Amino acid sequence: MTLRERQYEQMVLIRRFEETLLRLFSEGKLTGTTHTYIGQEADAVGVIAHLDPERDVVFSNHRCHGHYIAFTGDLLGLLSEVMGRSTGTCGGKGGSQHLHRGNFYSNGVQGSIVPVSTGIALAEKEKGTGAVTTVFVGDGTLGQGALYECLNMASLWSLPLLVVVEDNHYAQTTPKRLGVAGDIPARAAAFGIETAALDTTDVEEIHAAAGRAVEYVRTTGKPFFLVLHTYRFSPHSKGDDFRDPAEIDDRRAHDPLRVAGARLDDDVRARIEEAVEQLIAETVEAAEAAPVAGA
């Protein structure tokens, strides 16, 4: 499978997994809440392709499923966890927002994930592992003061930390224009941190920029601040969406799956999509058959 085909496969897998979660939630089969990643798939796939799950660390947030799938490939563990099954990655007790498997972590408290990931980066530096610690945040996290304290420390101490800001233009339902002033990359540049920003849904462009960012962190041991301007098609959670439908429709013209899929032959694209559908169906069947956590 070529890189282009693999990227499309991963994005379709994340998209169909998330759509399946929304269906299962409506059927009352999930425990707790869920925040989907629909529309942002190119970010996870483009960035995480450059990370080594055996060495590097990823710290995610409440919208973590895409990152988890791209980093671990563990569909059954994730679905079982969200369904409260004992076969879940955390035994069905962590739910959608509190995941841990290997070098992957997530937490639903936005202000807390950057200090923890900064601490992890410091620990990996002290151990001399050469690991890159990547933390994914949203534009809403830019309102947390702890973020800037961590940028200051990461710069002062030369920590191998990659901060990826997925700017989807909304903090829950608050538009970015009402909550974020000035230039986002400039916030990190003020601390002497290298930055880059992309306004694209093209996984190949993101892959290239992320490769440069990860290489910079790995070779210099210094932090990097990567801003990816993106968009989510789904609501913040399940149905709390007050955006103009016309705005969402306009953004769908730049759907990352449409952009990447257009580069593939029809038969290749169809084969990938059919294989993903089968895998999703098998995963749902296995998760539903698993014992309930604590039963």
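Quantities reported herein were computed from a predicted structural model and do not represent experimental measurements. Along the sequence shown, residues carry numbers from 1.
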May I have all residue pairs that pass salt bridge (charged side-chain N to carboxylate O under 4.0 Å, His left out) and include part of residues 170-192, sequence neighbours excluded? Asp167-Lys176
Test of understanding: with ring-ring contact (aromatic ring centres under 6.0 Å, His included), list the residues that count as partners of Tyr37, not counting sequence neighbours. His67
Determine whether the aromatic ring centres of His65 and His35 lie less than 6.0 Å apart. no
How would you list, by chain and number, every residue that makes a salt bridge (Lys or Arg N to Asp or Glu O under 4.0 Å) with Arg212, sequence neighbours excluded? none
By the side-chain hydrogen bond (donor to acceptor under 3.5 Å, both in side chains) test, which pairs, at least two apart or in different chains, include something from residues 132-146? Gln110-Thr141
Per the salt bridge (charged side-chain N to carboxylate O under 4.0 Å, His left out) rule, what does the pair list look like for residues 55-77, sequence neighbours excluded? Asp56-Arg218, Asp74-Arg101
Under the rule for salt bridge (Lys or Arg N to Asp or Glu O under 4.0 Å), what residues qualify as partners of Arg258, not counting sequence neighbours? none
Answer whether the closest heavy-atom distance between the side chains of Leu228 and Phe136 falls below 4.5 Å. no
Nearest non-hydrogen partners of Val47 and Ala210, listed with the distance: CA-CB, 3.7 Å
Taking the side chain as every heavy atom from C-beta outward, state whether Thr2 and Arg4 have any pair of such atoms under 4.5 Å apart. yes
Looking only at atom types and distance, does a side-chain atom of Asn107 sit under 3.5 Å from a main-chain N or O of Val109, one as donor and one as acceptor? yes
Can you pull out every salt bridge (charged side-chain N to carboxylate O under 4.0 Å, His left out) where at least one residue sits in residues 75-86? Sequence neighbours excluded, please. none
So, using salt bridge (Lys or Arg N to Asp or Glu O under 4.0 Å) as the criterion, who are the partners of Asp202 when residues are at least two apart? Arg263
Check: residues 155-163 side-chain donor-acceptor pairs under 3.5 Å, at least two apart:
| from | atom 1 | to | atom 2 | distance (Å) |
| --- | --- | --- | --- | --- |
| Ser155 | OG | Phe191 | O | 2.5 |

Indicate if Val135 and Phe224 have the same hydrophobic cluster label, given that clusters are the connected sets of ILVMFWY residues with side-chain heavy-atom separations under 4.5 angstrom. no
Using a distance-only test with no angle check, is there a side-chain donor-acceptor pair under 3.5 angstrom linking Glu282 and Gln278? yes
Side chains of Pro256 and Met11: closer than 4.5 Å at any heavy-atom pair? yes
Answer whether the closest heavy-atom distance between the side chains of Leu13 and Leu75 falls below 4.5 Å. yes
Could you report the tightest heavy-atom contact between Leu30 and Leu21, atom names first, then the distance? CD1-O, 3.5 Å
Can you tell me if Thr89 uses its side chain to pair, donor with acceptor, with the backbone of His100 under 3.5 Å? yes
For Asp266, enumerate each residue passing the salt bridge (Lys or Arg N to Asp or Glu O under 4.0 Å) test, keeping only those at least two apart in sequence or located in another chain. Arg269
Close side-chain approach of His50 to His207, heavy-atom, < 4.5 Å: yes
Considering only NZ, NE, NH1 and NH2 on the basic side and carboxylate oxygens on the acidic side, decide whether Arg271 and Glu274 come within less than 4.0 Å. no
Between Glu41 and Gly39, is there a donor-acceptor pair closer than 3.5 Å when you use the side chain of the first and the backbone of the second? yes
Between Pro185 and Thr195 the two heavy atoms that sit nearest each other are O-CG2, 3.5 Å
Side chain Arg243, main chain Phe233, donor-acceptor under 3.5 Å: yes
Can you give me the closest heavy-atom contact between Leu99 and Gly95, atom names plus distance? CD2-O, 3.3 Å
Smallest separation among heavy atoms of Ala44 and Ala70, with atom names: O-CB, 4.0 Å
Leu151-Val116 co-clustered via ILVMFWY side chain contacts under 4.5 Å: yes
Any idea which heavy atoms bring Phe104 and Cys64 closest together, and the distance? CZ-O, 4.0 Å
Check: Val203 and Val259 side chains under 4.5 Å, non-hydrogen atoms: no
Between Met153 and Leu142, is there a shared hydrophobic cluster once you connect ILVMFWY residues whose side-chain heavy atoms come closer than 4.5 Å? no
Hydrophobic clustering (ILVMFWY, side-chain heavy atoms < 4.5 Å, transitive) - are Ile69 and Ile272 grouped together? yes
Counting distance only, does the side-chain N/O of Thr31 pair as donor-acceptor with the main-chain N or O of Val82 below 3.5 Å? yes
Path from Phe59 to Tyr148 over hydrophobic side-chain contacts below 4.5 Å: yes
Applying the side-chain contact (heavy atoms from CB on, under 4.5 Å) criterion to Asn103, which one of Val58, Asp52, Val57 satisfies it? Val57
In the structure I gave you, are the side-chain heavy atoms of Leu22 and Ile38 within less than 4.5 Å of one another anywhere? yes
Write out all pairs satisfying salt bridge (charged side-chain N to carboxylate O under 4.0 Å, His left out) with one or both partners inside residues 18-30, taking only residues at least two apart or from two chains. Arg16-Glu19, Arg23-Glu27, Glu27-Lys29, Lys29-Glu288
Show which side-chain atoms of residues 247-255 pair as donor or acceptor with protein atoms under 3.5 Å away, not counting sequence neighbours.
| from | atom 1 | to | atom 2 | distance (Å) |
| --- | --- | --- | --- | --- |
| Glu247 | OE1 | Tyr170 | OH | 3.1 |
| Glu247 | OE2 | Tyr170 | OH | 2.9 |
| Glu247 | OE2 | Tyr231 | OH | 2.6 |
| Asp255 | OD1 | Arg15 | NH2 | 2.9 |
| Asp255 | OD1 | Leu257 | N | 2.8 |
| Asp255 | OD2 | Arg15 | NH1 | 3.1 |

Does atom NZ of Lys125 have more than 12 heavy-atom neighbours, drawn from other residues, nucleotides or ligands, at distances under 6.0 Å? yes
